[in-house]
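What follows is a single structure, and I will ask about it in a moment.
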Amino acid sequence: MNYFRITGYSKEMDSCFILDSNGMFEKLWEFSSYLLQKDIQVLEVSKIENMLDVNIEKVENDKEHIFLRATADGKPDYINQNIDGITYKAIKVANKIYIPNKEEII
C-alpha cells in the first residue's frame with residue numbers, strides 16, 4: 001500500500017500542514033523529495049501502517065492528487081494523545097490530530 005502522510009512547514013509562509021498521498025507516489029521518499037523541491041521542511045513522514053488517526057479520515061486512492069488535511073499558522077503542536085489507555089506522541093495542526101508512529105509510546 002502506498003498511502004503516506006507528511007507534516008510539513010513552510011518558513012516562507014510561516015505555516016504548517018498535513019498532507020496525504022494515496023497512490024500518487026510509489027515510495028515515501030518520493031513524496032518527501034517532491035515537497036523538499038518546493039522548499040518545504042518535512043517534519044514527520046508516515047506510512048499508513050505505522051500511524052494512528054485520531055480525527056482525520058483517510059482519502060480514497062488517487063494517483064493524481066495530494067490532499068491537504070489541515071493547515072495552521074506557525075509550526076505544528078506536538079501533544080500527548082491517549083488512546084485505549086496508551087499515551088502516544090501526536091501531532092496537532094489546527095484541530096486535526098494523528099500519531100505519526102504508533103510504536104512511539106510515552
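Numbers for residues simply follow the sequence, beginning at 1.
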**Request:** Look only at the side chain of E30 and the backbone of K27, and say whether a donor-acceptor pair between them is shorter than 3.5 Å.
**Result:** yes
**Asked** Is the shortest heavy-atom distance from the side chain of K47 to the side chain of L28 under 4.5 Å?
**Response** yes
**Item:** is_close_aromatic(F4, F25), centroid dist under 6.0 Å
**Value:** no
**Request:** Indicate yes or no for a side-chain donor-acceptor contact from Y3 to the backbone of V59 under 3.5 Å, with no hydrogens or angles considered.
**Result:** yes
**Prompt:** Side chain of D77, backbone of I79: donor and acceptor closer than 3.5 Å?
**Reply:** no
**Item:** From N22 atom CG to R5 atom CZ, the distance as rounded to the nearest 0.5 Å
**Value:** 10.5 Å
**Message:** With a 6.0 Å cut-off (strictly less than), is the heavy-atom count around CD of E49, excluding the residue itself, greater than 12?
**Reply:** yes
**Request:** Using modelled atom types only, decide if a donor and an acceptor are shared between the side chain of D62 and the backbone of E64 within a distance under 3.5 Å.
**Result:** yes
**Message:** Can you see whether T7 engages Y98 through a side-chain donor-acceptor pair at a distance of less than 3.5 angstrom?
**Reply:** yes
**Item:** Polar side chain donor-acceptor pair, D73 to S15, under 3.5 angstrom
**Value:** no
**Prompt:** Are the side chain of N80 and the backbone N or O of I106 linked by a donor-acceptor pair below 3.5 Å?
**Reply:** no
**Asked** Between R69 (side chain) and E57 (backbone), is there a donor-acceptor pair under 3.5 Å?
**Response** yes
